[in-house]
Amino acid sequence: MENIRYDLITAVPEMIVLGMAMLVLLVDLFLKQSNRIAIYVLAQVTLLVAAYVTFSTHTPGVGYAFTGAFVDDTLSDVLKLMIYLGTSLIFVYTRQYIQVRNMFCGEFYALVLFSVAGMMIMVSGQSMLTLYMGLELLSLSLYTLVALDRDNPRATEAAMKYFVLGALASGMLLYGMSMVYGMTGSLNIADINNALMGGAKIHSVMILGLVFIVAGLAFKLGAVPFQMWVPDVYEGSPTAITVLISSVPKLAAFAFIIRLLVQGLQTLAVDWQQMLMIMAVLSIILGNITAIAQTNLKRMLAYSTISHVGFVLFGLMSASINGFASALFYIASYVIMTLAGFGIILLLSRKGFEAEHLDDLKGLNQRSPWYAFLMLIVMFSMAGVPPTLGFYAKFTVLQAALQAGFLWLVVFAVLMAVIGAFYYLRVIKLMYFDEPLDHHPIQAPLDMRAVLSVNAGALLVIGLMPQGLMSLCVYAVLGSLS
Amino acid sequence: MIDFVEANKSASTSKIKNMTFFSLHFQDIVFYTLAIILLIAGLRVITTRNPVYAALYLVLAFFTAAGIWLLLEAEFLAIALVLVYVGAVMVLFLFVVMMLDINLDKLREGFWKALPVALPVGGLMAVEMVMIVGVRNFGADVVATPAARPADYSNTAELGRVLYTDYLLPFELASVVLLVAIVAAIALTLRDRKDSKSMDPAKQVLVKKADRLRIVKMDAVVEDAEAPAAAEEAK
């Protein structure tokens, strides 16, 4: 009995989010169209309460619940808080966008909350089964969200692609997990590690499992050569969903990798290091070079995501505490950057108009110098120009890789980052030196303008003072890995 | 069949009794029969041209897989597989296949074009996987054979115990995933059709007499007694 009480207390944030998702679905039925804003408030309150509970129950120790299938440690708490914050920003940015497109409904908020719950489970999963269930909860909600604008053929096509390829990736992941289970006899991450530490398992079988697991993970993360869904899904989905897909789930995917590869299969580190290295290099090449050819802003950001994932893999393949902390720092910075970037795109869109082409940014400086400046910070940060956050993120990741002895790869990555700077700077050129094609005034609610300004401003402020975020990342990684 | 010969080779070298080629246990005979049928059925699912046949071959595959599970003493799972998959899922599947008019030629387009690449890649992967997941790594001399359970051992009770204790969290999460699937299915397919004749009970209850019934004031008319007769004659 005492056990169950402890289990339930540990999982209170998850239960809050799940319960509130169901409540949002129910409340939505009884609301008039004019009072619909209540579900938005309800969703925001959910995140706030969950954040409060996560924060107030935080301890530096590690607690296991549900017979070891669930863990509450520093990494899970820090990542959960980041997920709440990111999702809350997404709610603010997307409210107007989905209102004018008739997507403002209970299902949207309920499904986003379900996907948040899925991410929280992924972050806290300590058995392969829990991790997989969290991943499926997240993916299933995302597939639906992409297709939610169902009269839009592009969105439906994107959802179909995402669903079919995502199901394939899940299958690969499960096959790899079954191999690991067959060799170690346990689904539990800690038990797997102990079994691998304890005795000589057949190496080739473990490698086969590892290959499938890494392939599945790479797919979910969008790393080359499993990236083919990323540009199509980013472009096809409504921008309100693209911002969700491209941002917070990456935090959960990071936790997934840490749990499975680092905590579970650390004895195979030499093998997965090589796999991650190949994917990192390919992602940086393909992401940066293909992005140059794009005229669609969302597609360009999709390829930019692929290259950012490559940099994250640089941190992970270093396989040191330093490397993991810098990878976490990179992912967190990436989420802040991408939220601000898509926030601007959402800001420029209006009823019947999608700002998704590079030409739509032309002359933004004349229309609104402030938003042009915010976009400038975002683009500088993505390109990695000092003193923005993106520079420091790239710097720490490459430093960790350098310490791990990957000198030539680091030189190569820096060269690729320089190539990548071209297409970010082109956006800035379009905003400042071209004549605007579109003269509509920019309309946005006050809260969105304020939050967006803070979000983009944070890139500059944290870029100048990265110690706070960095020590948070080190704290999170140290607390759960050592 | 390669596995079969290999198994016997390793068995004869390790001198295990009753495992020679000519004196198979009854269980072995059942297993190999079921396994061969399962493989053929699985192959036919993807090679047959008619989707209805493919679905029926899948039913056969499920039946034989259930038989193999019975051999492994997983009675509950075997029965659940037959009841749920054969009884419910596949019947539904058959209905869908029969209702949809699937153009198979279109599905097969590009098959021959992709074959030169797909066949070597697929074949290579299959060979690699057989080499790794074969008898060498998972044979009887590597993985210990599980001990047979006593006759009064309840597979169902054991499964229930584990499901609600050790695997409580994944089990509950599975239910949440199903809930999301329901929400998704409804959100994506439910449409208010303009031409549907559905009723709204709330509106029906709120109806007042005045909405349906119109009372018309008319002057009293004195009936002419001869008029009906005259009308009859007119016909």
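- Heavy-atom distances place both the backbone and the side chain of B:Ala181 under 4.5 Å from chain A.
- In this structure, B:Val30 and B:Gln27 have side chains that are not in contact, with every pair of non-hydrogen atoms separated by 4.5 Å or more.
- Only the side chain of A:Thr67 comes within contact range of chain B, with at least one heavy atom under 4.5 Å from a heavy atom of that chain.
- More than 12 non-hydrogen atoms from other residues, nucleotides or ligands lie less than 6.0 angstrom from OH of B:Tyr153.
- Contacts of A:Phe66 with chain B are made by both backbone and side-chain atoms, with heavy-atom separations under 4.5 Å.
- Proximity to chain A is limited to the side chain of B:Leu168, based on heavy atoms less than 4.5 angstrom apart.
- For A:Leu18, the part lying under 4.5 angstrom from a heavy atom of chain B is the side chain only.
- A donor atom on one side chain and an acceptor atom on the other are found under 3.5 Å apart for A:Glu136 and A:Ser170.
- A:Tyr109 and A:Phe104 have their aromatic ring centers within a separation under 6.0 angstrom.
- Ion pairing of A:Glu14 with A:Lys80 is present here, as a side-chain N (NZ or NE/NH1/NH2) and a carboxylate O approach within less than 4.0 Å.
- Within the 4.5 angstrom heavy-atom criterion, no atom of A:Phe108 approaches chain B.
- With a 4.5 Å cut-off on non-hydrogen atoms, A:Leu145 does not touch chain B at all.
- For a residue to count as touching a neighbouring chain, one of its non-hydrogen atoms must lie under 4.5 Å from one of that chain's; by this rule A:Ile207 does not touch chain B.
- If you measure heavy-atom distances from A:Leu111 to chain B, the contacts under 4.5 Å come from the side chain alone.
- Ring-plane geometry between B:Tyr85 and B:Phe62 is classed as tilted, the angle between the planes lying from 30 to 60 degrees on a 0 to 90 degree scale.
- Centroid-to-centroid, the aromatic rings of B:Tyr164 and B:Phe171 come within less than 6.0 Å.
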